[in-house]
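Working notes, beginning with the structure itself.
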Amino acid sequence: MALRSPARPLLVKAAAFLIPAAILLGVAVPRLGVEWEWFGQFGFESVVLRRWLLQLTAFLVVMGLGIPLQLQQLQRCWNLRQRAGSKILPPDSLLRLNPGPLVAVQAVLLILLVGGLAYLEVQARGLIAAPFSGDVISGFPVFADLSPLLMVGLGAGLLIPLLVWPLTTLRLLLGAALVGSATALARGWSLWVPALLAAPFGEGDPLTGFELSFTVLQLPAVKLLLSVLFAQATVGLAGCLWLTFTEGTTVSDLRFVGLSLEQKAVLQPQVAVLAVVAAISAALSPFDLMVQGSGVAAGAGFVDLHVRLPLRLLLSLLLLFTALGLVVPMRRHWLRRLILLPLVGTALLLPIAEFLVAPLVQRLWVEPRELQVESPYLARSIRATRRAFGLERLREMTLAPRQALTAADVAKAPGTLANIRLWDSRPLLAANRQLQQLRLYYSFPSAAVDRYLLGDPARITASQQVLIAAREIDPSALPTRSRTWLNRHLVFTHGYGFTVSPVNTFGSDGLPSFFVKDLGRNLRVQGNAALDITNASAKGAFPVGRPRLYYGSAPAPYAIAPTKVEEFDYPDGELNFWNHFEGELGVGLGNAWQRFKAAAYLGEPRVLFSGSFTPRSLLLLRRQVKERLRALAPFLGFESEPYLVTAELKDSPGHRPGQHQYWMLDGFTTSRSYPYSEANANGIRYFRNPVKAVVDAHDGRVWLYVSDASDPILRTWQRVFPELFRPLEAMPKPLLKHIRVPISQFSIQSERLLRYHVTDVRTFYNREDEWAVPSEIYDSKTVPVQPYHATLQLPGEVKPEFVLLLPFSPVKRSNLVGWLAARNDPPNYDQLVLVRFPQQRLLLGPEQITSLIAQDPQISFQFGLWGRVGGSQLVRGNILVLPVGEGLLYVEPIYLRSKSTNFPTLVRVVVTDGRRFVMERSLEVALARLVGLKDQGAQGIAALEQAATPLNPAP
């Protein structure tokens with residue numbers, strides 16, 4: 001027995017070392033190793049290394065400073081507690097407590113310990129989950145995420161250990177709090193790194209004159225730091241006070257005799273730290289109010305600046321004096337007279353001013369003269385909101401369209417008429433799934449509207465608007481018995497091919513036409529006789545090559561390729577064709593160590609023991625385009641869905657010959673703290689689209705191009721990771737032709753414009769000219785009009801452009817007041833054009849038009865006949881509002897959908913100019929009737945077609 005006892009400590013020490021080492025080797029090292037190789041495939045090892053070092057440095061700095069400071073302070077309090085029986089009390093000792101107050105103080109200290117620890121845990125957890133959300137996890141709102149039952153249970157569980165083993169328990173609590181603080185600040189690198197390297201905005205804020213970069217980029221980091229410091233200091237002070245208020249016989253006697261001079265000397269620096277942190281927080285009030293003000297407009301108003309701000313700044317000053325008095329020797333009566341009494345008075349007055357005085361001043365003084373008093377702040381808010389959302393570059397024009405179209409109007413708009421969209425992405429996707437999905441394991445997750453150059457570039461109608469949809473793989477759609485690990489990750493690894501459909505034609509059966517359809521040996525790239533597009537033009541515009549799509553828009557599991565197992569390529573009748581991955585990017589699986597890392601990373605032991613791998617086998621991770629880009633550039637937001645582009649890139653470095661499919665996605669920068677800017681429904685106060693991302697659909701290679709180098713937030717991140725970005729000029733020209741304004745950006749800007757198109761303060765205040773997004777009937781439901789792409793001739797332009805459009809209506813009315821267009825084609829890319837219509841004239845809006853269409857006797861009768869057909873359902877498509885000559889043209893496609901198979905066909909087209917309503921089987925016939933050429937029969941159709949004949953643009 002004597003020989004065994006010394007071995008026990010050795011075993012304990014060995015276990016204490018080996019267990020964490022095993023966890024590190026089995027979890028952390030493989031994960032870091034796989035991440036290192038994943039970034040290494042792009043040559044971005046320096047990016048991930050910098051990210052790790054930033055977080056590790058922050059964690060070690062916090063722990064390195066916090067452990068000695070907090071634990072030494074705790075030890076000082078413990079040493080004084082040990083001498084409690086012999087402590088010397090001054091004649092007027094502070095904080096003598098009887099049973100009731102003592103129990104209350106101890107309960108408060110327990111709450112502070114538990115609350116502070118939970119507060120830091122919520123911060124750390126939130127920043128681990130979403131470090132780049134833009135939310136600063138600080139302040140009292142954090143406690144809303146805490147469970148009261150958890151807090152009570154934790155407090156009850158800690159009470160006995162705090163009484164029996166106070167020093168050990170408090171050391172563990174402080175250590176846990178420090179880990180939470182260090183983790184929060186480590187993950188908060190998303191805030192403090194841009195704060196340290198902030199690029200200037202080139203202007204000051206309107207209240208303090210500080211550079212805008214302070215409020216937008218540095219203030220969130222300061223708030224996080226102050227929040228962590230305050231919570232950590234509170235836990236440390238509560239721990240020391242717990243040792244003090246439970247010393248000696250205090251708990252048994254339920255009496256505390258008071259603080260000795262030594263105890264006060266030890267505790268005063270901790271209280272001073274809290275006072276300094278609170279003073280700095282109060283001193284930031286000007287910046288807080290500019291963002292979170294309560295005036296009639298966004299930002300600080302009259303009451304904020306004349307009632308709330310002075311008291312907060314006074315409180316800050318008094319807190320600083322208090323901290324100074326606590327650390328600098330000072331006679332007590334001077335301290336009480338000059339600092340404590342005003343401090344207590346201001347602290348009591350502040351909530352009264354916030355919740356009583358400020359509302360009274362607002363109601364009794366401001367509201368009777370609100371426009372006069374708040375005008376300067378309204379003007380600030382209008383300017384700031386327009387600047388923050390890129391509306392200051394808006395180009396405005398006024399049009400007075402006629403409420404009747406003529407043949408002359410049609411002749412003036414051949415570019416518009418040549419690309420009127422009859423197919424919406426939703427019915428087209430439904431038709432694609434029926435006609436082109438071909439197998440259960442294929443899917444068409446999305447379809448994108450784009451434009452391609454077909455035919456002679458000199459023709460005004462050469463730019464053809466199309467819908468392009470990728471045929472992606474969906475291993476989860478395999479039959480249950482076929483859904484094996486081998487099939488999901490080694491066999492069914494990629495989608496194949498895509499479809500391209502013109503938006504403006506359909507067959508005699510009502511089904512969509514195709515420029516590109518089918519796959520494998522049956523794949524067809526063909527022209528369109530109705531559009532006068534030859535097969536040669538289509539093959540030149542839509543290069544196919546080897547259309548294997550290993551990366552796509554839909555979520556996809558990891559894949560391992562190439563392996564000894566053949567990968568399913570595509571079906572051809574009863575035969576299946578097979579292939580192997582030809583790409584070069586991925587995480588290597590060539591040796592046992594790499595396989596061990598991958599197995600641990602994926603939690604999949606079959607990766608470790610599979611005999612199907614070869615020295616060239618690669619682990620393909622993050623195969624969803626958006627997920628891939630988020631991992632590479634987490635500081636950017638991205639559009640909800642990427643869009644596929646097929647283009648031949650000749651002599652472009654990094655692009656593989658024969659590979660022509662690329663995903664494009666837009667990257668955003670946002671801020672929640674732009675001063676005086678009104679936040680949208682998601683809390684965003686600043687929005688830019690400065691990045692165009694391109695992802696190789698086969699190899700997964702990524703390029704990030706800077707499309708807006710003036711954005712200060714992006715310039716800040718370029719200082720951190722310069723190797724990630726390339727100038728937009730470096731983008732291959734075939735891809736540059738396909739950049740477009742993202743729908744998310746356009747939606748945010750158009751929503752802001754509903755009110756902020758008004759720049760006159762009086763009109764803005766009176767809300768005389770507020771707009772709304774109109775409604776339409778889509779698929780028998782009334783829904784808001786969604787932004788839609790159109791190829792049209794803008795007013796005053798001869799050449800048609802690819803634009804994004806949204807009409808506007810006045811609030812609570814349905815007529816048309818204007819529309820917003822975002823230009824997509826260089827050199828006018830990203831230019832917003834706001835077209836206003838005279839409000840003294842009634843121009844029918846989409847909702848009114850859809851109602852009038854249903855009220856037309858002939859159209860209504862036909863709708864009724866279709867509605868009585870048992871197996872079909874009437875689907876009304878998006879209504880388009882398009883400028884044509886001197887008037888407006890409204891177009892609504894009509895579909896019939898099978899109830900059993902969700903298979904839509906395009907059966908009619910309704911056109912109107914607001915006075916006459918025509919429904920025909922084709923757009924050409926409907927237009928001919930609308931402009932009065934019906935009676936001329938075939939000659940009328942020919943005259944219309946001649947009017948819309950492609951013309952050369954004017955020089």
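Count residues from 1 along the sequence. Note that this is a predicted model, so its numbers are computed, not measured.
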side-chain contact (heavy atoms from CB on, under 4.5 Å) between F39 and L632, intermediate numbers included: CA-CA 8 Å; F39 279 85; L632 199 58; 3.7 Å; yes

Working for side chain to side chain donor-acceptor pair (under 3.5 Å), residues Y119 and S227: CA-CA 10 Å; Y119 182 98; S227 177; 2.6 Å; yes

Do N878 and Q786 pass the side-chain contact (heavy atoms from CB on, under 4.5 Å) test, and can you show the C-alpha distance, the side-chain angles, and the key distance before you say yes or no? CA-CA 9 Å; N878 292 126; Q786 298 296 316; 5.6 Å; no

For the pair L371 and V761, evaluate side-chain contact (heavy atoms from CB on, under 4.5 Å) and give the outcome as yes or no after the intermediate values. CA-CA 8 Å; L371 177 59; V761 172; 4.2 Å; yes

Should R386 and T759 be marked as a side chain to side chain donor-acceptor pair (under 3.5 Å) after you check the CA-CA gap, both sets of side-chain angles, and the distance that decides it? CA-CA 9 Å; R386 289 174 64 88; T759 56; over 6 Å; no

Stepwise, does the side-chain contact (heavy atoms from CB on, under 4.5 Å) test hold for V193 with T716? CA-CA 9 Å; V193 168; T716 297; over 6 Å; no

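For K737, the NZ atom sits in a loose shell: 12 or fewer heavy atoms of surrounding residues, nucleotides or ligands are nearer than 6.0 Å. Heavy atoms of other residues, nucleotides or ligands lying less than 6.0 angstrom from CZ of R836 number more than 12. For R363, the CZ atom is loosely surrounded, since the number of other residues' heavy atoms within 6.0 Å does not exceed 12. Heavy-atom contacts from other residues, nucleotides or ligands closer than 6.0 Å to CZ of F210 number 12 or fewer.
Taking 4.0 Å as the cut-off between side-chain N and carboxylate O, E639 and R740 do not count as a salt-bridged pair. By the 4.0 Å N-to-carboxylate-O rule, R752 lies too far from E392 to be salt-bridged with it.
Shown here for D696 and Y662, the closest heavy-atom pair between the two residues is CA-CD2, 3.8 Å. Looking at every heavy atom in both residues, F808 comes nearest to P774 through CA-CD, 4.0 Å. Nearest heavy atom pair, residue P784 against residue V773, reads CB-CG1, 4.5 Å. Between P675 and L212, the shortest heavy-atom contact is CG-CD2, 3.3 Å. Counting all heavy atoms, side chain and backbone alike, T215 lies closest to P220 at O-CD, 3.7 Å. Residue A822 comes nearest to L832 through the heavy atom pair CB-CD2, 3.8 Å, listed as atom of the first residue, atom of the second, then distance.
Just one residue in the list N824, D825, L792 forms a side-chain contact (heavy atoms from CB on, under 4.5 Å) with E801, and that residue is D825.
Residues P807 and P846 form a side-chain contact, since some pair of their non-hydrogen atoms from C-beta on lies under 4.5 Å apart. Taking 4.5 Å as the limit, some side-chain heavy atom of Y829 sits within range of a side-chain heavy atom of V741. You'll find the side chain of L127 stays beyond 4.5 Å of the side chain of T183, heavy atoms only. Contact check for F721 versus R51: side-chain heavy atoms found under the 4.5 Å cut-off. Residues Y788 and V449 are not in side-chain contact: their nearest non-hydrogen atoms beyond the backbone lie 4.5 Å or more apart. Using a 4.5 Å cut-off on side-chain heavy atoms (C-beta onward), F638 and D666 make no contact. At least one side-chain heavy atom of L753 sits less than 4.5 Å from a side-chain heavy atom of L394. Looking at heavy atoms from C-beta onward, L225 lies out of side-chain contact with W192 at the 4.5 angstrom threshold.
Within the model, atoms CD1 of I468 and OG of S446 stand 10.5 Å from one another, a figure rounded to the nearest 0.5 Å. The CG atom of L805 sits 8.0 Å away from the CG atom of L820 when rounded to the nearest 0.5 Å. Between the CD atom of Q745 and the CD1 atom of I748 there is a distance of 8.0 Å, given to the nearest 0.5 Å. Distance CG/L704 to CD/Q718: 10.5 Å, rounded to 0.5 Å. Interatomic distance, Y686 OH to S677 OG, rounded to the nearest 0.5 Å: 10.5 Å. Taken from CG in L665 to NZ in K626, the straight-line distance is 7.5 Å, to the nearest 0.5 Å.
For the residue pair S294 and R308, a side-chain donor N or O sits within less than 3.5 Å of a side-chain acceptor on the partner.
Between the D708 side chain and the N689 main chain, no donor and acceptor come within less than 3.5 Å of each other. For the pair T670 (side chain) and F687 (backbone), a donor-acceptor distance under 3.5 Å is absent. With hydrogens and angles disregarded, no donor-acceptor distance shorter than 3.5 Å links the side chain of W703 to the backbone of R726. Formation of a donor-acceptor pair under 3.5 Å by the R823 side chain with backbone atoms of Q831 is not found in this model. Under a 3.5 Å cut-off, the side chain of R688 and the backbone N or O of A388 do form a donor-acceptor pair. A donor-acceptor contact shorter than 3.5 Å links the side chain of Y643 to the backbone of H738. Judged by distance alone, with hydrogens and angles left aside, the side-chain atoms of T57 form a donor-acceptor pair with the main-chain N or O of L53 at under 3.5 Å. Side chain of E211 to main chain of E203: a donor-acceptor pair is present (N/O by atom type, distance under 3.5 Å, no hydrogens or angles). Judged by distance alone, the side chain of S809 and the main-chain N or O of L816 form no donor-acceptor pair under 3.5 Å. Using modelled atom types, one side-chain atom of Q749 and one backbone atom of F389 make a donor-acceptor pair closer than 3.5 Å.
Ring to ring, F44 and W38 are not that close: their centroids are 6.0 angstrom or more apart.
A tilted orientation is assigned to the rings of Y756 and F764, their planes being inclined by 30° to 60°.
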